[in-house]
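Accompanying notes for the structure given below.
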Amino acid sequence: QVQLVESGGGLVQAGGSLRLSCTASGRTFSTTAMAWFRQAPGKEREFVSTINWSGGSTYYADSVKGRFTISRDIAKNTVYLQMNKLKPEDTAVYYCAASEKYLNVVVATLYDYWGQGTQVTVSS
């Protein structure tokens with residue numbers, strides 16, 4: 001089992017920045033990739049970004065490309081999401097996810113573990 005705990009959400013004005021963190025504990029040696037998803041009220045959960053845990057390669061949704069950066073600190077078992085130039089449409093609950101099988105997947109159902117989510121609100 002892997003436990004994921006997110007932090008770093010909050011309220012920010014449009015154009016501002018936030019950095020989300022997700023720390024993993026438990027059976028982390030089996031992790032192949034970690035990702036961030038988000039879910040706005042009344043909408044389905046959508047892919048934001050993923051990172052290959054060992055190699056570090058990254059992949060982004062078109063909606064955040066050039067504004068968000070995913071990174072990881074293997075020693076701390078932590079993945080980060082630096083969010084710049086935030087827009088009101090980025091408002092959502094952001095979830096961290098971990099996979100023990102796949103790389104570069106954007107489908108939520110292929111991730112094995114999930115955090116509890118952290119709220120990000122961007123005011124206009």
Side-chain angles (χ1 to χ4, degrees):
Q1 291 289 323
V2 175
Q3 295 77 43
L4 303 174
V5 178
E6 302 103 332
S7 62
L11 173 64
V12 64
Q13 288 189 333
S17 298
L18 281 175
R19 189 177 81 154
L20 306 183
S21 300
C22 172
T23 299
S25 60
R27 198 178 66 184
T28 57
F29 58 86
S30 298
T31 300
T32 55
M34 294 188 73
W36 289 95
F37 286 76
R38 66 187 182 186
Q39 188 166 17
K43 295 187 177 182
E44 293 187 354
R45 191 168 298 190
E46 67 169 349
F47 168 79
V48 174
S49 182
T50 185
I51 186 165
N52 177 330
W53 190 246
S54 60
S57 61
T58 59
Y59 183 69
Y60 298 91
D62 287 343
S63 59
V64 305
K65 201 173 295 183
R67 300 188 298 123
F68 291 10
T69 302
I70 191 170
S71 61
R72 90 274 194 242
D73 185 330
I74 295 176
K76 295 182 179 180
N77 285 326
T78 299
V79 63
Y80 304 98
L81 186 68
Q82 178 66 43
M83 305 185 293
N84 298 328
K85 300 178 181 178
L86 282 161
K87 304 175 182 179
E89 51 263 45
D90 293 319
T91 294
V93 177
Y94 282 70
Y95 296 92
C96 174
S99 174
E100 294 184 328
K101 306 179 190 68
Y102 301 105
L103 296 174
N104 299 329
V105 291
V106 304
V107 178
T109 54
L110 295 181
Y111 286 85
D112 301 294
Y113 304 102
W114 291 85
Q116 81 287 353
T118 185
Q119 177 70 47
V120 171
T121 303
V122 184
S123 63
S124 57

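Everything numeric here is computed off the predicted structure, so don't read it as measured data.
Arg38 contributes atom CZ, which lies 11.0 Å from atom CG of Leu20 (distance to the nearest 0.5 angstrom). The distance from the CE atom of Met34 to the OG atom of Ser49 is 11.5 Å, given to the nearest 0.5 Å. Distance check: Tyr94 OH to Glu6 CD gives 12.5 Å after rounding to the nearest 0.5 Å. Annotation: the span from Gln119 atom CD to Thr91 atom OG1 amounts to 7.5 Å, rounded to 0.5 Å. How far CG of Leu110 is from OG of Ser99: 7.0 Å, rounded to the nearest 0.5 Å. The line from OG1 of Thr121 to CG of Asp90 is 11.0 Å long, rounded to the nearest 0.5 Å.
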### Query
Going through the checks in order, is the side-chain contact (heavy atoms from CB on, under 4.5 Å) test met by Arg27 and Gln1?
CA-CA 6 Å; Arg27 198 178 66 184; Gln1 291 289 323; 5.9 Å; no

### Task
Evaluate the side-chain contact (heavy atoms from CB on, under 4.5 Å) criterion for residues Glu100 and Val2: first the C-alpha distance (whole Å), next the side-chain angles of each, then the deciding distance (0.1 Å), finally the verdict.
CA-CA 10 Å; Glu100 294 184 328; Val2 175; 4.0 Å; yes

### Task
Go through the steps for Val106 and Tyr59 under the test side-chain contact (heavy atoms from CB on, under 4.5 Å), then give the verdict.
CA-CA 9 Å; Val106 304; Tyr59 183 69; 3.5 Å; yes

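Taking Lys43 as the reference, nothing meets the side-chain hydrogen bond (donor to acceptor under 3.5 Å, both in side chains) condition, with sequence neighbours excluded.
Cluster membership check: Phe47 shares its hydrophobic cluster with Val105, using side-chain heavy-atom separations under 4.5 Å among Ile, Leu, Val, Met, Phe, Trp and Tyr. In this structure, Trp53 is not a member of the same hydrophobic cluster as Tyr95, with clusters built from ILVMFWY side-chain heavy atoms closer than 4.5 Å. There is a path of hydrophobic side-chain contacts, each under 4.5 Å, that joins Leu18 to Leu81. Under the 4.5 Å side-chain heavy-atom criterion for Ile, Leu, Val, Met, Phe, Trp and Tyr, Phe37 and Val64 are members of distinct hydrophobic clusters. Under the 4.5 Å side-chain heavy-atom criterion for Ile, Leu, Val, Met, Phe, Trp and Tyr, Val120 and Tyr80 are members of distinct hydrophobic clusters.
Of all heavy-atom pairs spanning Pro88 and Ser124, the tightest one is CG-CB, 3.8 Å. In terms of heavy atoms, Leu4 sits closest to Gln116 at O-OE1, 3.7 Å. Residue Arg72 comes nearest to Ile51 through the heavy atom pair CD-CD1, 3.5 Å, listed as atom of the first residue, atom of the second, then distance. Of all heavy-atom pairs between Thr31 and Ala98, the closest is CG2-CB, 4.5 Å.
Of the N and O atoms on the side chains of Thr50 and Tyr102, not one donor lies less than 3.5 Å from an acceptor on the other residue.
Within the 4.5 Å cutoff, the side chain of Trp114 has heavy atoms near those of the Arg45 side chain.
For the pair Lys65 and Asp62, the salt-bridge criterion is met [side-chain N within less than 4.0 Å of a carboxylate O].
The number of heavy-atom neighbours closer than 6.0 Å to OH of Tyr60, taken from other residues, nucleotides and ligands shown, is above 12.
No option in Asp73, Asn77, Thr78 other than Thr78 meets the side chain to side chain donor-acceptor pair (under 3.5 Å) test with Thr23.
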